[in-house]
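A short worksheet on the structure shown next.
Chain letters run A, B, ... following the sequence lines, proteins first and then strands; every chain starts at 1.
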Amino acid sequence: MRWNQYYLFTTREVPKDAEVVSHQLMIRTCMIRKVAAGIYSYLPLGWRSIRKLEAIVRREMERAGSVELSMPAIHPAELWRESGRWDVYGHLLLRMKDRHDRDFCFGPTHEEVVTDIVRRDVKSYRQLPLNLYQIQTKFRDEIRPRFGLMRGREFIMKDAYTFHASQESLDSAYEAMREAYCRVFEACGLEYSMVEADSGTIGGASSHEFMVLADTGEDAIVRSPSGSYAANVERATIGALAASAATDPEPLTEVDTPGKTSVAQVAEFLDRPVEQFVKTLIYETEKEYVAVLVRGDREVNEVKLTNHLDCRHLGLAREAKVVELTGAPLGFAGPIGLADEVRVLADATVRPLVNFVCGANAADRHYTGANWDRDVSVDEWADLLLAAAGDPSPDGDGPLELHRGIEVGHIFDLGIKYSKAMECTYTDERGESQPMLMGCYGLGIGRTVAAAVEQNHDEDGMIWPVPLAPFEALVLSLDPDDEAVARGAAGGQVQGRRSAGDPGPGRRRRPGPRRGQGGSVATARS
RNA sequence: CGGGGCGUAGCUCAGCCUGGUAGAGCGCACGGUUCGGGUCCGUGAGGCCGGAGGUUCAAAUCCUCUCGCCCCGACCA
């Protein structure tokens with residue numbers, strides 16, 4: 001293909017709304033063009049990369065025993081009401097009405113539709129297991145779309161769903177899909193990591209995410225040195241922290257801490273280490289107020305907290321409410337003497353503390369020498385800690401490293417969440433009706449291409465992994481006035497190669513700019 | 001949804017505070033020049049200043065409303 005016959009108009013200027021490199025470069029190289037917030041056209045060059053990735057994904061899905069189908073983008077509300085997600089999914093669901101005033105939504109994922117298909121056709125354990133996938137455009141009305149294809153509203157995703165009569169069957173499909181995902185990302189030449197994940201609103205028992213490692217990633221993950229443990233920080237647990245030396249209990253003492261509202265300030269003022277502090281944070285959910293105790297130098301993991309409380313909305317309580325519940329201004333909350341309505345949760349890592357410091361629920365006052373049971377009663381102990389770099393790995397494999405990652409794939413063991421709600425059942429060997437076990441497996445197509453750019457570029461442009469490069473070679477004639485070179489040599493080279501050719505005669509081009517842009521068009525760079 | 005910002009040429013932006021014939025660079029067209037890594041010179045085309053209303057002799061500029069977009073936060077695969 002000759003460049004001047006192709007639809008390829010590169011630009012030098014960086015569009016002002018493009019923040020991350022992949023977005024900037026994909027706009028500049030004419031791969032994508034924005035149509036509305038979070039909605040893009042895939043121009044020919046970008047579509048080539050998308051199609052190449054899709055081919056890899058199809059190959060690996062088929063190898064893993066998945067069968068391709070295509071489901072509608074528009075879903076009737078009834079299906080979503082059946083699963084209960086019409087209400088749960090909230091504003092992420094783009095809703096619409098047809099001419100008869102019936103409710104529909106643009107599918108953000110297809111558990112409901114695929115479950116509806118399977119429940120009509122499949123009646124017996126003899127027909128299971130089944131593994132179906134599609135590559136299709138989805139829409140999620142993100143609160144804040146950004147970063148080009150990395151977080152669009154309309155996006156292309158490969159989603160697969162499996163149906164089983166036993167956990168063993170689901171486990172083996174899950175494993176097969178896990179391997180397929182690894183093969184896909186390896187085939188793309190990407191540096192990635194599979195991590196344990198929180199399952200979010202999709203729900204289900206276990207789940208793993210596939211993260212492409214890149215500094216601009218929106219997710220944080222921790223990994224042990226050998227990689228034997230890896231998890232999204234939303235879910236990461238840690239090994240036991242070093243215990244402080246045992247000392248005899250001190251008396252509980254209320255001390256003045258005028259104007260010292262942060263742990264760091266109080267620690268300095270009292271000359272005590274921050275590890276010796278218990279920090280009290282007041283959270284509110286749609287149903288209750290909760291005090292969460294963590295070590296002074298640590299942060300609360302709000303995803304773990306949300307899961308533990310089984311609530312829909314969670315946030316730090318408003319200042320006025322904190323004052324009401326603690327009887328003190330912000331900065332002096334503590335677990336001793338809180339209002340009765342407050343449920344007290346403590347992170348397990350503060351359990352070994354002896355003679356700790358905490359807020360006294362009075363202005364400018366803290367306690368020292370506080371101890372569990374004698375002074376402080378806790379309603380529940382739980383793992384509520386946000387893992388940090390340097391924490392011991394839970395499997396004993398040394399200190400955890402912190403990385404940024406782009407979530408390009410997510411696989412879930414759904415259990416019977418959807419099959420039970422939607423009565424997708426089969427008859428087992430004993431003639432009894434059972435809900436099918438399900439798995440679901442997503443892979444972001446556009447996001448993976450964007451992630452490949454995030455991970456492979458320099459100051460001049462993209463350095464494509466060959467399997468995803470739109471073109472593999474770019475032929476340039478360096479003497480634009482030489483007709484023989486332009487038509488003959490370059491033209492001949494272009495034949496039979498999957499490459500982009502020089503514009504050739506016509507408006508004369510200098511080799512410089514073409515080279516600069518060419519690197520992003522084809523993969524070869526020197 | 002809360003906070004902040006931006007809509008002026010195809011792109012990136014200046015002009016707005018202090019109202020008075022709409023600008024630059026890049027890109028584009030034409031001519032010349034140069035010729036192995038983003039040449040140089042000249043000429044030219046191109047804008048209902050996001051939209052509506054208001055104030056004014058006069059509005060890109062001031063006021064009101066509206067639409068779109070971006071950033072931070074809450075949220076999220």
Decide side chain to side chain donor-acceptor pair (under 3.5 Å) for Tyr133(A) and Glu62(A); before the verdict, give the C-alpha distance in whole Å, the side-chain angles of both, and the deciding distance to 0.1 Å. CA-CA 9 Å; Tyr133(A) 82 98; Glu62(A) 304 283 338; 2.9 Å; yes
Under the criterion salt bridge (charged side-chain N to carboxylate O under 4.0 Å, His left out), I'd like the reasoning laid out for Arg58(A) against Glu54(A): C-alpha separation, chi angles, the key distance, then a yes or no. CA-CA 6 Å; Arg58(A) 284 197 169 90; Glu54(A) 287 181 354; 3.7 Å; yes
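The same atom, C1', is picked in rA52(B) and in rC67(B); the two are 10 Å apart, to the nearest Å. Using C1' as the reference atom, rG51(B) and rU12(B) are 24 Å apart when rounded to the nearest Å. Comparing rA9(B) with rG46(B), their P atoms are spaced 15 Å from each other, to the whole Å. Comparing the C1' positions of rG15(B) and rC28(B) gives a spacing of 24 Å, expressed to the nearest Å. Of the C1' atoms belonging to rG68(B) and rC49(B), the separation is 16 Å, rounded to the nearest Å. Rounded to whole Å, the separation between the C1' atoms of rA60(B) and rA14(B) comes to 12 Å. Rounded to whole Å, the separation between the C1' atoms of rG42(B) and rG50(B) comes to 36 Å. With C1' as the reference atom, rG38(B) and rG25(B) are 14 Å apart, rounded to whole Å.
At a cut-off of 3.5 angstrom, counting only N and O atoms as typed in the model, there is no donor on one side facing an acceptor on the other between the side-chain of Arg146(A) and the base of rC71(B). The base of rA77(B) lies outside donor-acceptor range of the side chain of Glu209(A), with no N or O pair under 3.5 Å. You'll find a donor-acceptor pair under 3.5 Å spanning the side chain of Arg12(A) and the base of rG38(B), going by distance alone.
Contacts of Leu314(A) with the nucleic acid, taken as non-hydrogen atoms under 4.0 Å apart, involve only primed sugar atoms and P, OP1 or OP2. Among the heavy atoms of the strands lying under 4.0 Å from Gly152(A) is at least one base atom, whether or not backbone atoms are also near. No contact: Lys138(A) has no heavy atom under 4.0 Å from any strand.
If you measure from atom CZ of Arg151(A) to atom P of rC76(B), you get 10 Å, rounded to the nearest angstrom. Atom CD1 of Ile39(A) is separated from atom P of rC70(B) by 11 Å (rounded to the nearest Å). Rounded to an integer number of Å, the gap from Arg28(A) CZ to rC26(B) P is 16 Å. Straight-line distance from the CD1 atom of Ile143(A) to the C1' atom of rC71(B): 15 Å, rounded to whole Å. Separating the CD atom of Glu19(A) from the P atom of rG5(B) is a distance of 18 Å, rounded to the nearest angstrom. Rounded to whole Å, atom C1' of rA74(B) lies 13 Å from atom CD of Glu142(A). Regarding Arg85(A), its CZ atom lies at a distance of 14 Å from the P atom of rC76(B), rounded to whole Å. Per the geometry, CG belonging to Asp159(A) stands 12 Å off C1' belonging to rA77(B), to the nearest Å.
The partner of rG2(B) is rC72(B), by the rule that a Watson-Crick or G-U pair needs both atom distances under 3.5 Å. Across every strand in view, rU34(B) sits unpaired, with no contact that passes the Watson-Crick or G-U test at under 3.5 angstrom. Nucleotide rA77(B) is matched to nothing when pairs are restricted to Watson-Crick or G-U wobble geometry with both distances under 3.5 angstrom. Of the nucleotides present, none pairs with rG46(B) by Watson-Crick or G-U wobble criteria with both distances under 3.5 Å. Checking rG7(B) for Watson-Crick or G-U wobble geometry (two distances, each under 3.5 Å) identifies rC67(B) as its partner. Look at rG20(B): its Watson-Crick or wobble partner, with both distances under 3.5 angstrom, is rC57(B).
In this model, no donor atom of one side chain and acceptor atom of the other lie less than 3.5 Å apart for Tyr174(A) and Gln167(A).
The aromatic rings of Tyr42(A) and Trp47(A) sit tilted relative to each other, their planes meeting at an angle between 30° and 60°. Ring geometry for Tyr6(A) versus Phe471(A): interplanar angle over 60°, hence perpendicular rather than tilted (30 to 60°).
Taking side-chain N and O atoms only, Arg144(A) has a distance below 4.0 Å to OP1 or OP2 of rC71(B). For Lys16(A), no side-chain nitrogen or oxygen approaches OP1 or OP2 of rC71(B) to under 4.0 Å. Dashed line: the shortest gap from a side-chain N or O of Arg447(A) to OP1 or OP2 of rA77(B) is not under 4.0 Å.
In the displayed structure, Phe9(A) atom CZ is contacted under 6.0 Å by more than 12 heavy atoms of other residues, nucleotides or ligands.
Side-chain N or O atoms of Arg447(A) include one that pairs as donor or acceptor with a backbone N or O of Met150(A) at under 3.5 Å.
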